[in-house]
Structures are given as structure tokens and as C-alpha cells.
Amino acid sequence: MATAVHPAAAVPATAAPAPPRPPPVRAALGHVPQLHAALLKSGELTASPKSFHSLLEAAAHGASPAQLSYAVRLFRLGPRPPLSVPCYNVLMRAFLRAGHLEDALHLFVEMLDAASIWPDQHTVACALKLCSRIVSLDAGRGVQAYAVKRGLMVDRFVLSSLIHMYASCGDVAAARLLFDAVEEKGVFMWNAIIAGYFRNGDWKEVVQLFKGMLEVGAPFDEVTLVSVATACGRTCDSNLGKWIGGYVEEKVMLGNRNLVTALVDMYAKCGELGKARSLFDGMQSRDVVAWSAMISGYTQADQCQEALALFSEMQVAEVEPNDVTMVSVLSACAVLGALETGKWMHSHIRKKCLPLTVVLGTTLVDFYAKCGCIDSAVEAFESMPVKNSWTWTALIKGMASNGRGREALELFSSMCKASIEPTDVTFIGVLMACSHSGLVEEGRQHFDSMTQDYGIQPRIEHYGCVVDLLGRAGLIDEAYQFIRAMPIEPNTVIWRALLSSCAVQKNVEVGEEAFKKIISLDRSHSGDYTLLSNIYASVGRWKDAAMIRKEMKDMGIQKTPGCSLIELDGVVFEFFAEDSDHPQLREIYEKVEEMIGKIKVAGYVPNTADARLDVDECEKEVSVSHHSEKLAIAFGLMKLRPGATIRLSKNLRVCTDCHSATKLISKVYNREIVVRDRNRFHHFKDGSCSCNDYW
DNA sequence: GTAGGGTTAG
């Protein structure tokens, strides 16, 4: 092998001694031109390939575009010694670092074409990185073929880069084959393979791999922990998650913001909101991702008020929210039915020109639909540049729950025409549409078509929709037979759907049967007893009705407290039945009395079937009048500007008494009232409801 | 001479 001879060594001994020169140093950034000039002047630049390489590297290492172009001129124009492979490598790395992928690619091709240049393991590692960046499996395979031909597959940098290339181009299986074949795996390889599974959302495999690492004592670093902690959150593996949390605290890694954010996310997803929050509060600096992680933690844990409160704090801290943050806060608004707050979020999105991504747009559609503003939902839907099956599904479900079944079905057929593949959830929306609008035949057809035309196996939720569809349409026996023929074991949701249909249809026999089934699975749900009792009462079997209520009382089954939410000036107020917490309770009760008095004149007769059990008969009327909805409506009448729509959302289904009362209130007070219950919307106007009393 | 990470919807 030829050895590069330093020109100084070739100088005859008799010649005058050369002045002492500093050894080729890597110049500090910014001193490149001076170094360049010095080397030119001494003649070393062209005489010493090593010096040229150092200068090139010094120039290429700089971060600025000016320095990179300096390096390119040095490389292309010279004066310089003949180019070596390391020089090419230096420039290629610089192109990659600067994100000039095309230039890097051209340089690589140039190397392959040059007669005297043989790309080495450094080049190959670089080229593979390039393939990962441009996500080109084909190019990556080509580079691998070259590496094999040149016997470079023993180099651990080449192997790591190759594993990374396959993993980031989506071929995790190929990455895994290579990975498994390597005996001595370093952190790079472990992180590359973990990142591959991470990218594919294969959280379980990420966790498995890490457990394997711990077993064999493989090395890991903070980046490994970020991926694994995130995966623990997604798989709810709180044991491993806590182990990582403890490790991070012990090893004093809490200064790593990404890692702590991953832990915040992990704790929140494992249900440890308190732990997540204390980590979050202890962070030295919180960027938008950290805030978003904590906010989404609250939203996903159904602590929506906390999510919105934290968003306010984020604004006080002057951290600009991004599209991801807005997704979480809008979902929170959707859950709370906080229309005004959500509208503010929407205008904020517009004002800040945040990108209307598919996810954000879908969240907006869902938000408006869940607030009963179906027209705004349609507007948001139409404004989206890109929609996917989630977007269509959100609107279909929104239409369905707002009682616009026909339109939901039309949307579904437009969706199919647009070649957007429906999913299992889409069909839940379609079946809900049929069920809420009494479209029995269409429902049957869609249910069959789902399996036959789309190969989607019905889940228990789909069966539930069909039971609901048949039962509410009065086809109780068919619904019952349908349940008996189900290939999967019916759960309480299925039997409950049947029971509530029986309550609507006053069917004692099947109702008793459904009740028995429910009790055998879960006897703790107060609503079931109420429904059966109501069925008895509706056919005049008062003794049986009373017996069921006594049974419930004896067993100590508590009614789930009814809760209604109403938003006023961006603040969400919560009302519970017999609420005793509100500062203006007296005025609210007076307003309720006024309301009841006025609607009685219009024909309202209290229905005490849903009254509390622990009061005597004459108090029941008062008890019913203090249902959370009536308190919230009274509050709305007191506080909202005249004529404004009263919107509330509640945790249970609307009871019969509140339903008939609200219809009359809408007429007597000439107000639109929109109530979202746990299943659907009721738009009350002029004494009638959009559900046509079918709910 | 190597790579890499955290937040989002029906």
C-alpha cells in the first residue's frame, strides 16, 4: 500500500531548514480563510493531501451556508491535490448536515463514476443515511449491494446505518433480520431498531426489545428511554414506565426536556395524572410539546376542565400553542360542550394561521357536531384541504346524533363515491343514523353490507346499534331474536338497549327478560332498576314498580347523580340534582319555580317516575323539578342574553319529565334549547324536539 | 466517520 509522504520529508538534507510550521490544525470556525491563505502561501495546500483534507473539513464543518459554499469552491476549484475518498466523504457529510440531499446524492454518483475513487465504509454509511432521509428503499438496497461487493458489511457503522435505513424506510422486518445477525450490538443499533418499531406504532415490540436489553445488560441511553417511556404509555405498561421514571430521577437525567416530556406523557396515559403534573411542574423549561403532552393527558383522562385551565396557564406563560395543542383543547371543549370556548379556539387557529391538518380539521368537525352546531361542522368539513375516513366518520356520527339520519346516509354514500374506505367506526355512525331516525330497512342493509361488501366483522357496538334500531322501531321480538342469534356473547350494553326499547314500547315480558340478563352481569346500575320500574308503572303495575324500587333501595344501589353543564362567558358551570353548591342557588330555585308555574299553565303535568327514592310522594314533584337540567336551564334563562340559544350537556339520558318540560319551556319562553345527553342531541324549539320523542 | 427522541382526531 502506498504511504503518503509528507513533502517536508522529501526536502534534501542540504537545503536550508524550512521555517517551523504549525502542524495542520483544525481551524476554528471563522478562521478558515486565514488558514487557507497560510497553506496557499506555504505551498502546503497542493503538496499535502492531509493539509487540504483538514482545511476542507474545517470549512465544511461550519454551520453557515457561506462556509459550506466555501468548502464546495475549495473542493471544485482548488488549487488542491488530487481528490481522495476522505475528501469526498467530508463534503458529502456536509451536504447531508445542511439538508442538501440532492447535492449529496450527486456527489455519491460522481464517486461511483470516478475511475480512481472507491467509496469506502464512511461513504457507504453516509449514503445509507441519505437513503433514509429520502425514504428510498430501492436506493438503500443498491447501496447495500455495493457494501456487500466491497466487503464492507463488517463495519459497525455500515451495519448501524443499514439497520437505520431499513427501519426508517418502513421495512422493519429487513432491519430486524440484520439486527438479529449482529453479535455485538451497540446503542446505535438498539436505538435504530427501536426507532423502527416506534415509527410503525408497534409499541409492544419496543417494550419487549427494551426488556430484552435489560436482560442481557445491553447499553442504552436517554434516546432509548424516550422511545421506551412513550411506548410504555401507549401500552399502559406502568410497571416498566415507573422503573424508567425512577431510573431517570436516580441518574439525574431530569434536565433532558424530551425525556421528561415523554415521562409526563407516559404517567398521564397510565392514569397517574398527579405524578405527571408534578414532573411537569418541576421542569426547568417547558416548550409547546411539554405543554401539549400535559394538556392532552388531562383531556384523555376526561379531566377537561383541567385541560382548559392548563391551556390558560400556557397562555400566561406566553408559549405559543401549535396545531397539536389545539387538537387537545378542542377535544376538551367538545366533551364539555363548551361552544364559546371552542369557537374562540377556532378563531385563534385562524388568527395564528395554524395548519389545518387532517387531525385538527377532524377535531373541529367533531367539536361543532358535539356542540350541536351541525351547520358549523359541515362548514369546517368543507374547509378542509385534506380529509380522511376519520373526518367523514366524525361528520356522519355528528349528523346521526343530531337527528339528521337521512343526511348522514347521504354523506356515507358521498364518502364511498369519493373512494374513502369506511371503517368499522364509520358503520357505527351509519347504524346510529338509522337507529336515531327510525330507518329500519336501511339499517338492516348497511349491517349486512358491512360484512359482505367491506369485510368488516361487526363488533359488539354494531350489534348494539341494530338492537337499538329494531327495538326503538317497536320490533322488540325481532330485536330479542337478533340478540339470541349473535355470534358473540351479549353484554350489558346490548341488554340495556333492549330494556330501554321495552320501556319506550311498554313491553313487560321482554323487559323482564332483559333486566334478568343485565342483573346477572352487573347489578350495580341504578338506571336498569328505574327502567324496569317505569315499564311496570307504564302499564299500571304499581306494586311491581314499587317493589323494584324497594329492591334497589334495599341493595343500597345509588343513583348516578345527574349532572348538567352549561357554558357562560367561556366558563363551564356544573349543576347536580338538588345542587347546593352554587352561590346563586336561591335565585336559581326561584327561577325554576317560575318556569314550572308557567309551563303548568301550558299543560305540563309532572311525571315523577324518575324522582328520587328517599322522599315521600308529595316531595317527588319538587325533587323532579330540581333535576340538574332544569337548574341549568333556569340558570341559562337568568344569565344568557334574551333570545340566545340555551345549550347544555348532561351525563345521563334526558328523563321523560325533563323532556316534556323542556319542550314547553322552549315554547313559553320562546327559546331554542339544545340538550346533549349521553346518546344524542335534542334540539328543542316551539314546543317540540328534533328527536320526535324518539330517543 | 455513525442515529436518534417527546404532544394530536372519528
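To find a chain, count down the sequence lines: A is the first, B the second, and so on, and within it residues start at 1. Note that these values count all heavy atoms, side chains included, but never hydrogens, waters or copies made by symmetry.
Residue A:Thr423 is classed as a base contact, given a heavy-atom separation below 4.0 Å to a base. Within 4.0 Å (heavy atoms only), A:Asn89 reaches no atom of the nucleic acid at all. At the heavy-atom level, A:Ala290 lies under 4.0 Å from base atoms of the strands shown. Nucleic acid contact class of A:Lys387 (heavy atoms, under 4.0 Å, all strands): none. Counting non-hydrogen atoms under 4.0 angstrom, A:Asp120 reaches nothing in the nucleic acid. Among the heavy atoms of the strands lying under 4.0 Å from A:Ser160 is at least one base atom, whether or not backbone atoms are also near. No engagement by A:Glu222 is indicated, since no non-hydrogen atom pair under 4.0 Å with the nucleic acid exists.
Side-chain N/O atoms of A:Gln121 include none lying less than 4.0 angstrom from OP1 or OP2 on B:dT2. Put simply, A:Lys185 has no side-chain N or O that comes within less than 4.0 Å of OP1 or OP2 on B:dT2.
Only one option out of A:Phe412, A:Tyr463, A:Phe447 pairs with A:Phe427 in a ring pair (Phe, Tyr, Trp, His ring centres under 6.0 Å); it is A:Phe412.
Under the 6.0 Å cut-off for aromatic ring centres, A:Phe367 and A:His346 do not qualify, their centroids lying 6.0 Å or more apart.
Side chain to side chain, A:Arg257 and A:Ser285 meet the donor-acceptor criterion of an N or O pair below 3.5 Å.
A salt bridge between A:Arg404 and A:Glu407 is present, with a side-chain N of the basic residue lying under 4.0 Å from a carboxylate O of the acidic one.
Residue ring and base: A:His164 does not count as stacked with B:dA3 (centre distance below 5.5 Å and interplanar angle below 30° not both satisfied).
In this entry the distance linking CZ of A:Arg133 with C1' of B:dG4 reads 12 Å, nearest Å.
Taking every side-chain heavy atom of A:Val324 into account, B:dT8 is the closest of B:dA9, B:dG5, B:dT8.
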